[in-house]
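Presented below is the structure to which this report refers.
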There are 2 protein chains.
Amino acid sequence: MGKYASDLDMVFLALAHPARRAMLARLGQGEATVGELAEPLGISLPAVTKHLKVMERAKLISRSRNAQWRPCRLEAGPLTAASGWIDEQRRVWEGRFDRLETYLGALEGEEGRRDDR
Amino acid sequence: MGKYASDLDMVFLALAHPARRAMLARLGQGEATVGELAEPLGISLPAVTKHLKVMERAKLISRSRNAQWRPCRLEAGPLTAASGWIDEQRRVWEGRFDRLETYLGALEGEEGRRDDR
DNA sequence: TGCGCATTTAACCGTATGGGTAAATACGCA
DNA sequence: TGCGTATTTACCCATACGGTTAAATGCGCA
């Protein structure tokens, strides 16, 4: 993803790795340190740091500082934007079927009238 | 994404590129051929073919055949799964705030009673 | 059979991901 | 100041992405 990737690009990309989704799920329970996030993943700490960078770039998380710990916090906005995009697509897509249904209904009405004469 | 990427991995990865999201939005209006999908994108046809492969792998689209055209059709299931994952996360995350609110409300009640004596 | 059109495959290139290990930082504390 | 812990940075490596152009394939039709 080049230099000019959009917000949504980065959010969906961040969601496209199971380790990152696991970290987000964990962060849904509340703040966590890097070590706490890394523990269940079975990958090295530097690998976790890289995943965190991907999620920070997508603004899915923010970091604070507490002594030598740098806790991560979930930011809901981008998640809302992502599912918003999907839901919008589904809305349009389902709307298309509704209109098709209406159209077929209208056709049926036509045929009914034709049958009547 | 390696050999063992999960369904959700592939769906989110497919959504992480603006050209692919544009193609999905177009497919929300109904079937389209490769040429029709490529036209507004300003990239070569082989590039479009590769994007289509990514979306097929994610099962976001299916293909049929009509003479030399191979029209694409949107498949809604994986989109539902993807926004379902996000909504589930948000549900948990918001539930956490509800519980925090309840907790704070209970604290306030405590303090009120303390003030009363 | 051979032409024309739509699409894919092959080959190549540059950059990004995702992983590792080893070394460097940052901070609290004795 | 020096030690210990948490985290990041620096490199290195293999593979995937995203794009290109040129060649191959699939299909209808004269």
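None of the values given here were measured: they were computed from a predicted structure. Here is how names work: the chains are called A, B, and so on, in the same order as the sequence lines, proteins then strands, and each is numbered from 1.
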Using whole Å, what does the distance between atom C1' of nucleotide C:dT7 and atom CD1 of B:I43 come to? 14 Å

Can you name the atoms? Protein N/O to nucleotides 5-9 of chain D N/O, anything below 3.5 Å, with the distance.
unit_1, atom_1, unit_2, atom_2, d
D:dT5, O2, A:Q68, NE2, 3.4
D:dT7, OP1, A:V34, N, 3.2
D:dT7, OP2, A:G35, N, 2.8
D:dT8, OP1, A:R63, NH1, 3.0
D:dT8, OP1, A:R63, NH2, 3.0
D:dT8, OP2, A:T49, OG1, 2.8
D:dT9, OP2, A:K53, NZ, 3.1

If the cut-off is 4.0 Å, is B:H17 near the phosphate of D:dG19, judged by side-chain N/O to OP1 or OP2? yes

In terms of hydrophobic clustering (I, L, V, M, F, W, Y; side-chain heavy atoms under 4.5 Å; direct or indirect links), are B:W93 and A:L27 co-clustered? yes

Let me know the distance between CD1 of B:I61 and P of C:dT7, rounded to the nearest Å. 12 Å

With a cut-off of less than 4.0 Å, is there a side-chain N or O of A:R65 near OP1 or OP2 of C:dC27? yes

Identify whether B:V11 and B:L24 are in the same connected component of the hydrophobic contact network (ILVMFWY, side-chain heavy atoms under 4.5 Å). yes

Atom CD of B:E39 and atom C1' of C:dC5: how far apart are they, to the nearest Å? 17 Å

For DNA chain C, whose closest nucleotide is more 5', that of A:A47 or that of A:N66? A:A47

Between the first and last five pairs of the helix from C:dT1-D:dA30 to C:dA30-D:dT1, the angle of the axes, rounded to 10 degrees: 10°

Return no unless some side-chain N or O of A:H51 is found under 4.0 Å from OP1 or OP2 of C:dG19. yes

Side-chain donor-acceptor contact under 3.5 Å, B:R73 with B:S64: no

Please list, one pair per line, the donor and acceptor atoms closer than 3.5 Å that link side chains of residues 42-51 of chain B to other protein atoms, with sequence neighbours excluded.
unit_1, atom_1, unit_2, atom_2, d
B:S44, OG, B:A47, N, 3.3
B:T49, OG1, B:L45, O, 3.3
B:H51, ND1, B:R20, NH1, 3.2

Check whether A:R26 reaches the backbone of A:L37 with its side chain - one donor and one acceptor, N or O, closer than 3.5 Å. no

Donor-acceptor check, side chain of A:E36 to backbone of A:T33, threshold 3.5 angstrom: yes or no? yes

Let me check something: do A:L15 and B:V54 share a hydrophobic cluster, defined by ILVMFWY side-chain heavy atoms less than 4.5 Å apart, either directly or through other members? no

Can you measure A:F12 atom CZ to D:dC17 atom P for me and round it to whole angstrom units? 17 Å

Hey, is the side chain of B:R57 poking within less than 4.0 Å of OP1 or OP2 on D:dC17, counting only N and O atoms? yes

Supply the atom-to-atom distance A:F12 CZ to B:I86 CD1, rounded to the nearest 0.5 angstrom. 5.5 Å

Is there a side-chain contact between A:S44 and the phosphate of C:dG19, meaning an N or O under 4.0 Å from OP1 or OP2? no

For B:R91, is there an ion pair with B:E88 - N to carboxylate O distance below 4.0 angstrom? yes

